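Here's the structure we're looking at; comments come further down.
Note: hydrogens, waters and symmetry copies are ignored here, and every other heavy atom, side chains too, is used. Throughout, a chain's letter reflects where its sequence line sits, starting with A, and its residues are numbered from 1. This is a predicted model, so every value here is computed, not measured.
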Amino acid sequence: MKYTLAVLVENRPGVLTHISGLISRRAFNIESIAAGHSEEADTTRITIDVEVDGELELEQVVNQLSKLVDVIKIVNLTPVDHIERELAMIKVKASKVNRSDLVDIVEIFRAKIVDVNRETMVIELTGEETKIDALCEVLVDFGIIEIVRTGKIALSRGPLAAKEM
Amino acid sequence: MELQGAEALIKSLKNEGVEVVFGYPGGAVLTLYDALYKAQFPHVLTKHEQGAVHAADGYARATGKVGVCIATSGPGATNLITGIATAYMDSVPLVAITGQVGVCLIGKDSFQEADICGITTPISKHNYLVKKIEDLPRVIKEAFYIARTGRPGPVVIDIAKDVFAATLDYSYPDSVNLRGYRPTFGGDPASIDLVAEEIKKAQRPLLFVGGGVNISSMATDFRKLVKMTGMPVVSSLMGLGVIDGDAPEHLGMVGMHGTYSANMATVECDLLIGIGVRFDDRVTGSVEDFAPKAKIIHFDIDPAEINKNVRADLKVVGDLMWSLPLLFEKVANLGLDWSGHLEVWNRQLTAWKQEKPMTYQKRDGIIMPQEVIAKVSELAKDAIIVTDVGQHQMWAAQFYQFHGERTFLTSGGLGTMGYGLPAAIGAQVGLPRKPVIVFSGDGGIMMNCQEMATAADNGFPIKIIVMNNQVLGMVSQWQRLFYGERYSHTLIKGRTDFVKLAEAMGVTGMRVTNPEELEATLVAALETEGPVLVDIALPSDEDVLPMVPPGGCLDKMILGEC
């Protein structure tokens, strides 16, 4: 089963080393990890997608991560009503001939074209993982040159912040 | 007060109550060593950084205080790694201070540079790289706090060389402010009510005591509980000493080399109460078959230990200083008449004890390793026993009658050969008036034999007993049992003369080969002033028994003649 965790950590050097070190040492199966600033200057927020066998294994992941001195709080967003997003940029071959086809696809997916030149274009898409996967699948026929994805971020709906949960 | 970084560090150590440090100087810590010199701060110079970290570990285990070691950058720091990992696995409070190259040289593959925070991340409770002098007092305060509170562990402070020389207006913080670190103390008292109910219901209860009781110094409370209820006790390797080895309720060590009665009791009990244990694979054997008839209750300070290896039916998360007195109170309030309460269970336990007691086959004209341990146990009842790792370690666990917490120092989790001698030095520094005895093997002693010189140079009167069977005993035992007697690189057949080696370093050397001279030699060694090494010739083919083959069920023991 896949779970999404919001992990609030101290914004200090070495924090990511501690987190990635723990994940590799305990052999946790992490599918996605995304870190960035939060609403507080001294706090970094990390969204982790973890694949585990069940609640007991999830409890292990949460308890082990909680032991890290830099980890302030962990919230399991899976049972909470929440929004998930990922950002991807895809560089795809785009000649005069198929450029308009690509524009159609971009529109269907409500993506954006952020760079165009004679041979390629860069498409930007925000959405849930599956939507990005779907776009990538369609673009394969045109020839994908490179893809970059941020990894999933997640936020609960409603007025409460993770630090208050 | 205007202070140099190095002076600020020493002042902070004093503020933390540090009485002595173990270490080895080098380029990146020159300024620190200069300040140690000027302050005349007590420092034990070992012969190798690994010796320093194990000594700090032995000091911490023996005294309960935080052990401190110092090493220089690069190779000095990497030589600490095994010792830091050893301390981490056994939850030993340690602060390891390492020098780092200057701030502007970090990341340039500079001379004697190693990323010690990167290296120690998976083997330490926490670590810091200090690049700014202003951070130093706070970091030291936090490091000691983290090392000694909650589930203790090693903390590494890596300090850039220029920080030692920089100056600051020194003040030491009174408290720490760590949002992400709030060690558990008290837990949910209701969980203990449930435990008391289970104890009331149980027909065949069993207490399983571990290192947590030693660490939290709660042996007295634990013994009170045992005395009141008469509940039988099995110990993990790290829990030995919490209850007297010869106490009638004590069945001995449980697990791979546990006693017959302890292992059978674990298989047959209907309630297993683990207290400060982590259900290591050397205890459980096959996790699926572990205590199959029992409800399992787990007391631990670390929530991450619950359900890590063994699924617990009930958990009591909190410091044993909180939970054990409360457990006693609630069990006392049950108002049970304990006399005769466990009679049927006790009869079964006595039968197992009599059926297969801990014993061994003597051989004519040959000293048996178990006999050595038992003899030392008789001659030195109040000693601190330190071991290396392997057969002699298991024999010490089986045949020495421990009395009291913090009397058995051994690398349980990591299983570090070479731990014994330097750890004994640390224990002796912490407890100068206590007899400290190291059991080592002819393999293990060679891993840090240089520290004999440390003992001699400082006059630490430790007694080193080399259980010399001319083989790497435990590995050769596995080869004998599971690898078709192919003794790949375990037959040492060494030409090293341990007596001469000891003498060369200033340690009195003795040798005994004849069983009739064993006692007299041991007495002489114990009575001799200063450090002594006794080289004892033992047979090469003796197995540590009982033995549960790895991954097996605890009632499927190889018993042999034991």
Could you tell me whether A:Asn117 atom CG has more than 12 heavy atoms of other residues or ligands within 6.0 Å of it?
yes

So do B:Lys125 and A:Lys67 actually touch side chain to side chain, heavy atoms under 4.5 Å?
no

Distance col, row B:Ile119:CD1 vs A:Thr17:OG1, nearest 0.5 angstrom, shows 12.5 Å

Part of A:Leu8 lying under 4.5 Å from any heavy atom of chain B
neither

Report which part of B:Asp302 has an atom under 4.5 Å of a heavy atom belonging to chain A: side chain, backbone, both, or neither.
side chain

Measure distances from A:Val71 to the heavy atoms of chain B and classify the residue's part below 4.5 Å as side chain, backbone, both or neither.
backbone

Please classify the contact between A:Ser66 and chain B as side chain, backbone, both or neither, with a heavy-atom cut-off of under 4.5 Å.
backbone

Atom pair NZ/CD of B:Lys308 and A:Glu59 - distance to nearest 0.5 Å:
13.5 Å

Report the distance from atom CD of B:Glu305 to atom CG of A:Asn63, rounding to the nearest 0.5 Å.
10.0 Å

State whether the number of non-hydrogen atoms from other residues, nucleotides or ligands found under 6.0 Å of A:Lys73 atom NZ is greater than 12.
yes

Atom group of B:Leu129 that falls short of 4.5 Å from chain A, counting heavy atoms:
neither

Hey, is CZ on B:Arg311 packed in by over 12 heavy atoms from elsewhere, all under 6.0 Å?
no

Which atoms of A:Glu57 approach chain B - backbone, side chain, both or neither, heavy atom under 4.5 Å:
neither

Between B:Arg179 and A:Thr43, is there a side-chain donor-acceptor contact under 3.5 Å, judged purely by atom types and distance?
yes

So which of A:Leu22, A:Val9, A:Leu56 has the biggest tally of heavy-atom pairs under 4.5 Å with chain B?
A:Leu56

Is the number of heavy atoms from other residues, nucleotides or ligands under 6.0 Å of A:Glu137 CD greater than 12?
no

The single option from A:Val69, A:Ile72, A:Asp70 that satisfies side chain to side chain contact (heavy atoms under 4.5 Å, CB included) with B:Leu178 is A:Val69

What are the two closest non-hydrogen atoms of B:Gly180 and A:Glu10, and how far apart are they?
N-OE2, 4.4 Å

Contact origin within A:Gln60 toward chain B - heavy atom pairs under 4.5 Å
side chain

